[in-house]
2 protein chains.
Amino acid sequence: MNDRSAVRLTRLQQALAEGGSLRLAEAASLCGVSAMTIRRDLAGADGELVLIGGHLMRADDPRHVPAYDLAVQRDRHAEAKRRLCERALATLEAGDTLFIDCGTTLMPLALSLPEDMSLTVVTYALNVAEAVSARPGVRLWLLGGIYHGSSRSFASDDMAETIRGFGLNKAFLSAAGVHPRQGLSCFHFHEVAPKQAAIATAQRRLLVVDASKQGLVRPARFAGLDDIDEVITEAAPQRP
Amino acid sequence: MNDRSAVRLTRLQQALAEGGSLRLAEAASLCGVSAMTIRRDLAGADGELVLIGGHLMRADDPRHVPAYDLAVQRDRHAEAKRRLCERALATLEAGDTLFIDCGTTLMPLALSLPEDMSLTVVTYALNVAEAVSARPGVRLWLLGGIYHGSSRSFASDDMAETIRGFGLNKAFLSAAGVHPRQGLSCFHFHEVAPKQAAIATAQRRLLVVDASKQGLVRPARFAGLDDIDEVITEAAPQRP
DNA sequence: CGCGAAATGTGATTAAAATAACATTGTCAT
DNA sequence: ATGACAATGTTATTTTAATCACATTTCGCG
């Protein structure tokens, strides 16, 4: 890759930095070269930009990781989570103040919150916040702190205290492990405090887990099964 | 649109809810129908899903608002901001703790932070947080609170106090208006407290504004020009 | 200036996707 | 059963995008 090519690439990358897509021809005229040159630039680049059906866009955001052969597995999970979250949605009432836990399990819930119900969502997860921020009708309170990429969530010393300051109607909790005796656990210790605070504060505590978490124990225990009011899950996997 | 068609569409929509794209053929086999049927489903749908070059993806994604005829104007802005942020980047030093203000001006900065410099970023803007969260080498502290969609940022009562608790080396500030006598202003009052706290706390205060903001006064004044140590801007527009 | 190498443009060719047309299957009411 | 209609599949056609081969331009350098 040569110098001018690199200049064009960074230029395009910046043009697309804030999102959006560019038609190949537009990208070309933007750089004052032909479409063929843009193609060649792209071919010699590191793959941060991607050309798909004549549209140029960034490859690095979550959008584009193609489902490929993961498709089946991904979908089994997504399908299960979707069904669980549908049931979670059904429990919502106008005026609710919800706590939504981190992880991917509750994403379908965050994505399909009704906008005509005057809801308030409290969360410490960046992905949940992104999803909820796209729903203009829903009030969103994000609990800030230091970011943990592993769970896409934030942690801070006074988070538990802040949570206790809310009048939470319902807490939707996720867990990476559910065990009859060991209770509920997750991978990361920084999730424990907010989870426990939400459990302590909310009127109604709903655990949403798919069947694959049943019987597992993870490093960080945050509650017992009896701290939960309702478990939204599939039937446990049958053992013949 | 018929029932089964609607079922397939919601199914696909949920499969894509967390991002990613599906090849048309994959989507088809996922639903157990032919590609043509998926096409027909899409044609009769409301346009939430979009098929582009054989890839199926959500349309509500910022990636797809095409730059179209806005391209030129968008780029003029993005181009200017990119250049300004390049100069802002040059001021960074290893170990810095940065405050990054909300708005779109500082996005190119957030997107191209070096990962090998041990940086910490403090921000109250969701879009900045998203951008920084994609850089594993950079520590991120998000100041939480109630979300304001207008500026994609958060506000809370104790935010100013929290900011004063950081050892900020540099504060990168944006403004919607810069006036010789009226000083610096922005559109939204909830931005005033964090901006002022950052100005009060940071060792070095850098204002990043493009020329289009010069001479303007916006509703919420947050500082005077002399509260800023350095202004990163283009030459003011010439009047012939 | 003029040569050579690299970069880019142009038009032809191939591959792929979108559309359209028609065939088949399934469903329901009579 | 069977005819009508909707839904879907299959194949052909048109349109669009990607690739290739070669012509042209640009740039550095003796």
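Order of the sequence lines sets the chain letters (A, B, ...), proteins ahead of strands, with each chain counted from 1. Atom set for the values below is all heavy atoms of this structure, side chains included, hydrogens, waters and symmetry mates excluded.
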Are A:Arg152 and A:Glu130 close enough for a salt bridge, meaning some N to O gap below 4.0 Å?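 Salt bridge present between A:Arg152 and A:Glu130.
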Salt bridge present between A:Arg205 and A:Glu230 (N-O < 4.0 angstrom):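 Salt bridge flag = no for A:Glu230 with A:Arg205.
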Taking protein heavy atoms under 4.0 Å as touching, what does nucleotides 9-28 of chain C look like 5' to 3' if B marks base contact, S marks sugar-phosphate-only contact and - marks none? BB------SBBB--------
Show the atom names and distances, to 0.1 Å, of all donor-acceptor pairs under 3.5 Å that link a side chain in residues 112-120 of chain B to residues at least two apart or in another chain.
unit_1, atom_1, unit_2, atom_2, d
B:Ser112, OG, B:Pro108, O, 2.4
B:Thr120, OG1, B:Arg139, NH2, 3.4

Heavy-atom distance under 4.5 Å between the side chains of A:Phe99 and A:Leu173, does that happen here?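 Yes, at least one pair of side-chain atoms sits under 4.5 Å.
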Using only side-chain N and O atoms of B:Arg8, determine if any of them is under 4.0 Å from OP1 or OP2 of D:dA7.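 Checking D:dA7 against B:Arg8, no side-chain N or O comes under 4.0 Å of OP1 or OP2.
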Output all residues satisfying ring-ring contact (aromatic ring centres under 6.0 Å, His included) with A:Phe172, sequence neighbours left out; order by chain, then residue number.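 If we apply the ring-ring contact (aromatic ring centres under 6.0 Å, His included) test to A:Phe172, skipping adjacent residues, there are no hits.
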